[in-house]
**Q** 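Submitted below is the structure of interest, expressed as structure tokens.
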There are 2 protein chains.
Amino acid sequence: MMTSTARPRDAAQTRTELLRAARVRFARDGYRSTTVRDIAADAGVNVALISRYFDSKDGLFEACLASVGEELKRPETEAPTLERVARSLVRQVTGFSSDQMLLLLRTSGDERADGIRRRILRTFAEKTASVAGWTPDSPDGDRLLLRAEIVLSAALGMTQLRSTGGLEPLSSATEEELVEPVLALLRELLR
Amino acid sequence: MMTSTARPRDAAQTRTELLRAARVRFARDGYRSTTVRDIAADAGVNVALISRYFDSKDGLFEACLASVGEELKRPETEAPTLERVARSLVRQVTGFSSDQMLLLLRTSGDERADGIRRRILRTFAEKTASVAGWTPDSPDGDRLLLRAEIVLSAALGMTQLRSTGGLEPLSSATEEELVEPVLALLRELLR
DNA sequence: CGTCTATGTAAACAGTTGCTGACTTACGCA
DNA sequence: TGCGTAAGTCAGCAACTGTTTACATAGACG
């Protein structure tokens with residue numbers, strides 16, 4: 001007997017489904033705790049297809065990071081102000097796309113994947129620093145960049161503390177409740 | 001042939017050695033990536049002794065968290081000021097005891113261990129909030145506690161970003177270089 | 001319709017992991 | 001000195017994990 005909703009064979013769709021399931025698992029449970037069988041089951045797909053489409057578990061992880069990199073690379077539609085950056089950061093922390101944040105903290109031990117991760121973090125930090133006037137060769141640029149990286153640290157830390165849950169009031173705080181203190185933090189560090 | 005430095009049999013010493021090795025490994029590599037054989041080798045001890053002294057890998061992890069809890073519970077010798085808290089936080093982030101910070105972000109999936117971890121985080125947050133006048137039943141206490149948890153998030157995030165390395169200038173920043181921005185952060189959020 | 005290939009499946013393999021049970025050995029004590 | 005027990009060793013089991021290999025089949029195309 002076939003399942004009533006047997007998907008037609010579609011390599012692209014299968015690949016996408018695997019990527020989606022992997023991002024969730026890797027973000028939530030980390031690289032080591034996630035098994036390829038978990039991912040395949042979530043995607044409703046046979047395990048062997050991971051090797052076929054991504055070479056290896058490491059390759060799949062790398063693809064996850066790359067996809068995060070793409071999404072984060074989208075250019076801004078509006079001029080970034082402190083308020084907008086704060087709002088955007090808080091959305092990353094609280095939104096369903098907090099997967100992206102968590103993935104940036106995960107490591108597989110693979111050198112290539114870790115290189116990608118570092119590059120994304122660097123870009124993220126530079127983008128954040130730029131609202132305070134940072135440019136690739138501004139004098140005293142390291143001071144601003146350091147502060148931007150501290151802001152990033154806070155965002156990543158908040159995301160992780162929220163994800164493991166149970167630390168109130170942070171874990172249940174809404175977007176609205178977080179914007180105010182985060183904005184205060186940005187004002188202090190990036191002005 | 002015996003090794004030239006055969007330690008005399010000493011259960012307490014062996015237990016301590018295992019705990020020390022486990023804290024380093026769990027903090028640096030996470031729970032899942034660490035094998036009991038790794039820990040035993042680091043401690044220069046037979047694997048089976050982990051089961052004997054800590055019941056299981058989970059038991060050992062739990063003991064690691066508990067030991068962190070003990071160390072963090074030591075009462076202050078001086079009245080906590082913003083400056084002292086900043087200095088203390090930065091030392092936790094940069095010092096060799098950054099193990100403690102990282103462990104608070106690690107999870108084994110075990111319910112008991114996770115309960116311990118949560119309790120430590122909560123105590124840490126309350127201690128931080130108290131320098132801003134927070135008490136268990138102060139009016140508007142949640143607002144202060146939330147801000148303290150954001151500070152904690154920043155410290156934890158910084159520790160983790162530094163540990164995976166490669167995000168400059170944060171990764172190579174000295175204690176001195178970090179105190180200034182962290183103090184600024186505290187002033188804004190906890191005053 | 002027949003065939004050929006991309007897509008998907010199932011089973012198994014080799015390595016790893018946490019844990020255990022039977023064994024040996026050092027050390028305190030009578 | 002001899003002995004009992006705590007401390008430590010050793011080999012192996014059973015389950016799990018990433019990956020591969022051989023096989024099945026849907027669907028496009030002549």
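Every chain is numbered from 1, with letters handed out A, B, ... down the list of sequences.
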**Q** Short question: side chain of B/Ser153, backbone of B/Glu149 - any donor-acceptor pair under 3.5 Å?
**A**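 Answer holds: yes.
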**Q** Quick one, A/Arg117 with A/Arg106, criterion side chain to side chain contact (heavy atoms under 4.5 Å, CB included). Give me CA distance, side-chain angles, the key distance, then yes/no.
**A** CA-CA 9 Å; A/Arg117 196 183 111 265; A/Arg106 305 302 186 188; 5.8 Å; no
**Q** Going by the rule side-chain contact (heavy atoms from CB on, under 4.5 Å), which residues pair with A/Thr35 if we only count those two or more places apart in sequence or in a different chain?
**A**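 Only A/Arg37, A/Asp38 meet the side-chain contact (heavy atoms from CB on, under 4.5 Å) criterion with A/Thr35.
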**Q** Identify whether B/Ile150 and B/Leu121 are in the same connected component of the hydrophobic contact network (ILVMFWY, side-chain heavy atoms under 4.5 Å).
**A**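 Same hydrophobic cluster.
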**Q** How many whole angstroms separate atom CG of A/Asp29 from atom P of D/dC16?
**A**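 Result: 17 Å.
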**Q** Please give, in whole Å, the distance from C/dG28 P to B/Asp10 CG?
**A**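 To the nearest whole Å, that distance equals 11 Å.
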**Q** Got a sec, which residues hit side-chain contact (heavy atoms from CB on, under 4.5 Å) with B/Asp142, two or more places apart in sequence or on another chain?
**A**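 Testing B/Asp142 for side-chain contact (heavy atoms from CB on, under 4.5 Å), a comparison that skips the adjacent residues, returns A/Pro169.
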**Q** How close or far is atom P of D/dT17 from atom CG of A/Asp58, stated in whole angstroms?
**A**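 To the nearest whole Å, that distance equals 16 Å.
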**Q** Indicate, with a heavy-atom threshold strictly under 4.0 Å, whether A/Tyr53 touches base, sugar-phosphate, or nothing.
**A**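 Sugar-phosphate contact only.
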**Q** Could you list the donor-acceptor pairs under 3.5 angstrom formed by side chains in residues 184-191 of chain B, with sequence neighbours left out?
**A**
from, atom 1, to, atom 2, distance (Å)
B/Arg187, NH1, B/Glu83, OE2, 3.3
B/Arg191, NE, B/Arg187, O, 3.4

**Q** To the nearest Å, give me how far apart NZ (B/Lys57) and P (C/dT17) are.
**A**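 Between P of C/dT17 and NZ of B/Lys57: 9 Å.
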**Q** For DNA chain C, what residues of residues 37-52 of chain A have any heavy atom nearer than 4.0 Å?
**A**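 Going residue by residue through residues 37-52 of chain A, the ones with a heavy atom under 4.0 Å of DNA chain C turn out to be A/Arg37, A/Asn46, A/Ala48, A/Leu49, A/Arg52.
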**Q** Do A/Arg23 and A/Glu71 sit within salt-bridge range, that is, some charged N less than 4.0 Å from a carboxylate O?
**A**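 Salt bridge between A/Arg23 and A/Glu71, a charged N being under 4.0 Å from a carboxylate O: yes.
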**Q** Looking at residues at least two apart in the chain, or sitting in another chain, which of them share a ring pair (Phe, Tyr, Trp, His ring centres under 6.0 Å) with A/Tyr31?
**A**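 Checked A/Tyr31 against ring pair (Phe, Tyr, Trp, His ring centres under 6.0 Å); matches are A/Phe26, A/Phe61.
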**Q** Is A/Thr34 touching bases, backbone alone, or none of the nucleic acid, heavy atoms closer than 4.0 Å?
**A**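 It contacts sugar-phosphate atoms only.
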**Q** With a 4.0 Å heavy-atom cut-off, tell me which residues in residues 11-24 of chain A come close to DNA chain C, sorted by residue number.
**A**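 By residue number: A/Ala11, A/Thr14.
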**Q** Look at the side chain of B/Arg32 and decide which nucleotide, out of C/dG18, D/dT19, D/dT17, has an atom nearest to it.
**A**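 Of the options given, the side chain of B/Arg32 lies nearest D/dT17.
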